[in-house]
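Read through the structure below, which is laid out as structure tokens, and then see the notes.
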Number of protein chains: 2
Amino acid sequence: MADKRPAGNSDTAQVILNKSLPLFARSGYAGVSMRDIAKAVGISGAALYHHYPDKQSLYVAAMAHAFADKASSIQSALGNTGSPEQRLERFVTSFTKQMASDPDFRALLHRELLDGDEKRLKLLAENVFIEPFKAIKQLAQEMALDCDAHLLAISMAGLILFHFETQAIRRYLPGGLKKHNDPKVIAQHVISLLTGAIGSGSRQ
Amino acid sequence: MADKRPAGNSDTAQVILNKSLPLFARSGYAGVSMRDIAKAVGISGAALYHHYPDKQSLYVAAMAHAFADKASSIQSALGNTGSPEQRLERFVTSFTKQMASDPDFRALLHRELLDGDEKRLKLLAENVFIEPFKAIKQLAQEMALDCDAHLLAISMAGLILFHFETQAIRRYLPGGLKKHNDPKVIAQHVISLLTGAIGSGSRQ
DNA sequence: GTCTATAGCCTGATAGAC
DNA sequence: GTCTATCAGGCTATAGAC
């Protein structure tokens, strides 16, 4: 209850995070200056240093903020009722929709995978991805007993994310249509692929 | 035969590209300075401007250089002999091995997907990816007549690339083993998934 | 908690000698 | 074709008034 505000907890500190996130998502750590952030927030550059000791701390706080809610919302998509097939369908549909609706999160995720140092990746894994990953892995295990669940869980995520990652370039590749960016179409495709409908030559 | 050297064709110009590529791959465009590149090449910063008019031109030339050979080597993995299943196996195995052996190329590819402007992405698509993509799409079409070939072709690439993209963070996720980074293991997993062995519950 | 002013360094790029 | 020297401006971060 004490009105303590250790760096990052004040109201302005939250605004700074919310305003800096889209900048970091679009231009990356090195591509965003403290002046850019200050301008977006509407305060002077010096004021930023009252809330965060340096640029790196601000960045790490912004990342933590961006990923904080994701863990639970991804995991809640899984649930644990119904058959594995039903749970797969539910997960893929929900995860695809969530990723479609948050381009900034996707960009930050890919940037962290590219540039995150050991410490940041460990933090990200342990605070965000471990729990949902466990649930996906559990689902993978039930679906394919003879397949490495870790590999399959990664494949499930990659299958969805890569369609968004390539959104910009697919415009220039043959057969690229608007509907390929529709989360419903992507989800249906991924589900049918994962349920083995494609290789076996039967229906989707 | 005339010894013309329009910027970028001299010997030093090639060395500049080769030395700058790993820097751009690891730190991105904004994370690398002209001085960094000059130091890596072993010349002064000013000398760089004799070969390329500015940083952006150098970067674009470096990208073109990095992607130049890839198109044919990816495509050659496909060939057009054998059954679709055989061609799939050949493609996945070869593509996985190629990606495993070239982390810099992977990083550059992901950076371009994140940061490439319309012009660069169009160039990349038309000069590098269109032809191999067509071949993969053709293969996808033969394998699954009732499935959107464009979607399936993207899925095939993403299925492979995401395992490498997550190499660093999988260390901290449950069930992550060294063998999951082995291109042979990844390829085998992807092939068995694509041939429908997983969802149908039969073995790989 | 925010401001203006500024230190000190790094940036992309140029000038001109050799 | 490469060098040294340099410019003009941007960068992170700090000092000190309010």
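Here is how names work: the chains are called A, B, and so on, in the same order as the sequence lines, proteins then strands, and each is numbered from 1. Computed from a predicted model, the values in this text were never measured in an experiment.
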Spacing between [X] atom [atom1] and [N] atom [atom2], to the nearest angstrom:
X: B/K55; N: C/dT11; atom1: NZ; atom2: P; value: 9 Å
X: A/L48; N: C/dT4; atom1: CG; atom2: C1'; value: 15 Å
X: A/H51; N: C/dG1; atom1: NE2; atom2: P; value: 6 Å
X: B/Y52; N: C/dG12; atom1: OH; atom2: C1'; value: 17 Å
X: A/Y49; N: D/dG16; atom1: OH; atom2: P; value: 18 Å
X: B/H50; N: D/dT4; atom1: NE2; atom2: P; value: 17 Å
X: B/Q14; N: D/dG1; atom1: CD; atom2: C1'; value: 16 Å
X: B/M34; N: C/dC10; atom1: CE; atom2: C1'; value: 14 Å

Given D/dT2, D/dC11, C/dC3, identify the nucleotide with an atom nearest to the side chain of B/T12.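 Within the option list, the nearest is D/dT2.
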Would you indicate which nucleotide in D/dC11, D/dG1, D/dA15 comes nearest to any side-chain atom of A/A46?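 Of all the options, the side chain of A/A46 is nearest to D/dA15.
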Indicate, with a heavy-atom threshold strictly under 4.0 Å, whether A/V41 touches base, sugar-phosphate, or nothing.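 Nothing: the residue A/V41, judged by heavy atoms under 4.0 Å, touches no strand.
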Using a heavy-atom cut-off of under 4.0 Å over every strand shown, decide if A/S44 touches base, sugar-phosphate, or nothing.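 Base contact.
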Hey, does the side chain of A/S33 come within less than 4.0 Å of D/dG10's phosphate (OP1/OP2), counting only N and O?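 Looking at the OP1 and OP2 atoms of D/dG10, neither is under 4.0 Å from any side-chain N or O of A/S33.
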Any donor-acceptor N or O pair under 3.5 Å, side chains A/E118, B/Y172: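 A donor-acceptor contact under 3.5 Å links the two side chains.
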Side chains of B/E89 and B/T93: any donor to acceptor distance under 3.5 Å?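 Per modelled atom types, B/T93 and B/E89 side chains form no pair under 3.5 Å.
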For the rings on A/H180 and B/H150, is their centre-to-centre separation under 6.0 Å?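 Yes, they do, as the ring centres are separated by less than 6.0 Å.
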Is B/K55 reaching over with its side chain to a backbone N or O of B/V32, donor-acceptor style, under 3.5 angstrom?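 Looks like yes, one N/O pair under 3.5 Å.
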